[in-house]
S.K.: 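First, the structure itself, so that you have it in front of you.
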Amino acid sequence: MEQGPAGVSAAAAAASTGGLLLPLSESEQQRYSELFSRCCPPPEAAAGGSSVGELFRASQLPPDTLHQITEVCGAKRVGYFGPTQFYIALKLIAAAQSGFPVRIESIKNELPLPQFVALKNDSDVRYGTPAELHGVKFQVPHTSLEKNSYKRTDEGDKQEPKSPPMSPICSPPASPSTYQRVPLSYGYGKSRSGLEQQHGAPYEVRHTTHQQDGPLSGNYGAKPALACSTLNRSLSGEREQQDSNAHYSDDPWRITEEQRDYYINQFRSLQPDLNSFISGSVAKNFFTKSKLPIPELSHIWELSDVDCDGALTLPEFCAAFHLVVARKNGYQLPETLPETLVPEYLQAASLKPMRDCTLFDSYSESLPGGQQTRDFSRTETSAEEVSDSSALLKDGKKDDKQALKVSTDLKTIPKEFQHLTVKTAAQESNTLKARPRSRSYSSTSIEDAMKKGEEPPTPPPRPQKSHSRASSLDLNKIFQQNAQAVRSGWLPPPPPALPPRPSLSQTEQVSEVELHPQMNKPPSQAEENSSAKKEVVIAQPPSKPARRKLRTETQGLETPELSPTINVTSSLPAVKPHLPVQKQSSKQKRAIQTAIRKNKEANAVLARLNSELQQQLKEVHKERIALETQLEQLRPVTVL
Amino acid sequence: MAVCIAVIAKENYPLYIRSVPTENELKFHYTVHTSLDVVDEKISAMGKALVDQRELYLGLLYPTEDYKVYGYVTNSKVKFVMVVDSSNTALRDNEIRSMFRKLHNSYTDIMCNPFYNPGDRINSRAFDNMVNSMMMQVC
């Protein structure tokens with residue numbers, strides 16, 4: 001913590017300052033070490049130049065004096081503001097303010113503490129970490145702040161001249177949105193009470209003057225007198241932990257309920273389906289309206305689009321919106337996405353409100369999951385330790401998965417989708433996105449399937465066009481399959497289909513010849529299939545050309561799909577003839593079923609063939625690459 | 001570990017160039033610039049018919065006594081050029097490949113950002129972090 005280095009450095013400063021013994025009284029010590037720690041975040045040993053500069057300017061000395069001071073204290077020589085330089089500088093400032101000339105000798109005098117007017121350090125300098133954000137937020141409800149500070153002046157010591165500097169600090173920053181102010185002040189009130197109790201103890205221990213910058217010193221811990229340093233350190237350690245616990249609900253990166261509702265409404269205005277996602281361009285237009293500069297918006301997008309797919313799901317959108325709101329209120333953007341804005345976390349917490357939406361018919365089954373998340377969110381707000389949040393995050397992920405599983409089970413998604421739902425949480429959002437797409441072709445109702453046969457719904461494009469041989473293969477297989485499937489059904493209707501028979505038989509034969517050399521096992525089946533039903537085959541294609549085309553399209557598109565969908569869709573041709581010819585007997589149904597089975601076998605065979613060919617292709621590729629590299633090596637290197 | 005990493009656009013202007021902060025960074029810029037010639041030569045040498053199967057990783061473009069230059073071209077003719085210190089124990093080829101793959105992945109992530117216009121300079125912090133992780137650590 002900050003007192004550690006501060007205390008040590010104070011001792012060091014007291015001990016030796018480049019051969020100059022710097023007598024610091026206790027009050028001066030505390031003041032200086034506190035100022036030093038404010039200018040210098042703990043891990044470094046040197047104060048940041050900008051904050052030091054601001055501090056010096058706040059001392060209201062003319063710039064020449066400040067330059068002189070910098071030189072004298074040795075910072076220029078050394079190149080940075082180490083603790084010793086800083087302390088000397090402060091002493092010199094005090095001297096200058098008291099009217100003494102800026103020289104080393106002045107330090108030896110007894111001087112009052114240097115005065116800094118309108119210390120803006122705390123409000124402007126650092127927004128980066130949430131810990132310091134609390135320092136900012138402390139000023140938002142400034143009424144309670146002033147109350148506490150005055151309380152502390154009563155406890156501690158006078159420092160009358162210091163109280164005016166408090167009021168400029170307490171001027172509220174840029175107008176925060178109502179959303180921010182309401183939760184922040186509420187949370188702040190709660191945290192304050194926690195802090196005050198802690199503050200009482202160490203203040204009594206230290207009999208010295210206390211600094212006016214009450215909340216900041218509270219934030220950065222007590223400034224121990226050397227005697228009670230360890231005691232204070234332990235107390236303030238406790239207090240800081242309590243701070244973080246209390247601030248857990250205060251976290252500016254945590255989305256409150258009303259904020260979430262607002263974000264969800266905004267999401268709905270862009271994309272009515274809360275389950276789906278907003279595309280990049282839509283989101284870009286929306287966020288550009290916030291009038292933030294484009295680089296910042298770009299950074300916000302980088303932070304919030306976790307899966308980097310150019311689209312925002314609901315939790316990603318909430319995170320992005322929240323970051324935009326925070327930025328507009330003056331908070332600096334973090335380097336990485338805060339834990340509370342991570343999509344999985346938001347997902348778990350948001351399943352509860354999402355459940356209330358009427359759009360979520362399919363998610364109504366996630367009621368048990370939703371209740372779990374509600375309990376989860378309740379427990380986490382009352383969580384004691386911040387470290388629990390990581391455990392809760394894991395719980396959230398588990399809940400997430402359970403909720404997803406529940407909904408998947410109840411939606412009877414076909415098997416192939418289940419192996420799409422992968423374990424990693426990062427891909428859960430992908431599955432959410434994939435689900436709307438998969439729904440389109442996993443419908444089991446016949447009418448829908450027929451309608452969707454018109455469009456090409458299947459996402460994975462199969463090499464229909466690239467392999468010319470295979471395509472003719474497929475088409476011919478399709479004709480045969482259709483033939484088997486609808487043989488019994490179509491036999492009665494098409495008597496006038498005789499003329500095209502010879503040409504088709506020719507093509508059939510040609511295709512058979514082609515089939516022979518390529519496939520070993522399938523041709524036997526194809527042969528017997530085709531030979532057995534050749535006449536019928538030819539009858540089929542011309543009879544109902546329009547519907548045939550439809551069917552071939554669907555079959556062509558869906559043949560290479562994974563088997564479960566093939567089950568669904570290969571039942572299509574079997575099912576379709578049922579519709580127009582519903583007077584068929586069960587015998588024909590059986591025939592159709594056998595035909596289906598044969599289709600499936602043919603499909604499996606074709607799939608195997610495909611994979612074998614792909615394998616061969618890969619091997620050939622590898623060989624080719626190897627040959628090319630060899631060639632490269634052999635080729636003489638032509639240098640510039 | 002690379003000494004200099006550059007992303008060059010299709011029109012051969014730099015989208016991103018980052019070197020290890022030594023005294024002579026301009027030398028690396030010049031090296032990258034001259035290596036673009038070699039990249040073009042390698043691309044054209046493949047021939048029109050092979051443009052589909054052209055491999056993205058180009059390999060060692062040319063070596064000097066101090067360092068080696070490796071190249072990688074994406075399908076949209078965006079080039080990644082990496083300058084590696086020779087004195088470094090020879091990085092294996094697949095290490096270089098994996099570095100290029102990471103670069104390519106980060107580049108596609110940037111592309112997904114709707115606020116990024118292709119052709120702009122790359123200002124992404126995530127990309128910077130990734131590149132920093134690949135650069136040599138100079139004390």
S.K.: Going by ring-ring contact (aromatic ring centres under 6.0 Å, His included), name the residues that satisfy it together with B:F100, two or more places apart in sequence or in a different chain.
M.R.: B:Y57, B:Y72
S.K.: Name the member of A:I294, A:L297, A:L303 that forms the most heavy-atom pairs with chain B at distances under 4.5 Å.
M.R.: A:L297
S.K.: When you look at NZ of B:K10, are more than 12 heavy atoms from neighbouring residues, nucleotides or ligands closer to it than 6.0 Å?
M.R.: no
S.K.: Using a heavy-atom distance cut-off of less than 4.5 Å, which residues of residues 113-126 of chain B contact chain A?
M.R.: B:N113, B:P114, B:F115, B:N117, B:S124, B:R125, B:A126
S.K.: According to ring-ring contact (aromatic ring centres under 6.0 Å, His included), who are the partners of B:Y30, at least two apart in sequence or on a separate chain?
M.R.: none
S.K.: Just grab all the salt bridge (Lys or Arg N to Asp or Glu O under 4.0 Å) pairs involving residues 284-299 of chain A, residues at least two apart or on different chains.
M.R.: A:E296-A:R327
S.K.: Tell me, yes or no, whether the heavy-atom count around B:H33 atom NE2, taken from other residues, nucleotides or ligands under 6.0 Å, exceeds 12.
M.R.: no
S.K.: On a heavy-atom basis, which atom in B:C112 and which in A:C308 lie closest, and how many Å separate them?
M.R.: SG-O, 3.3 Å
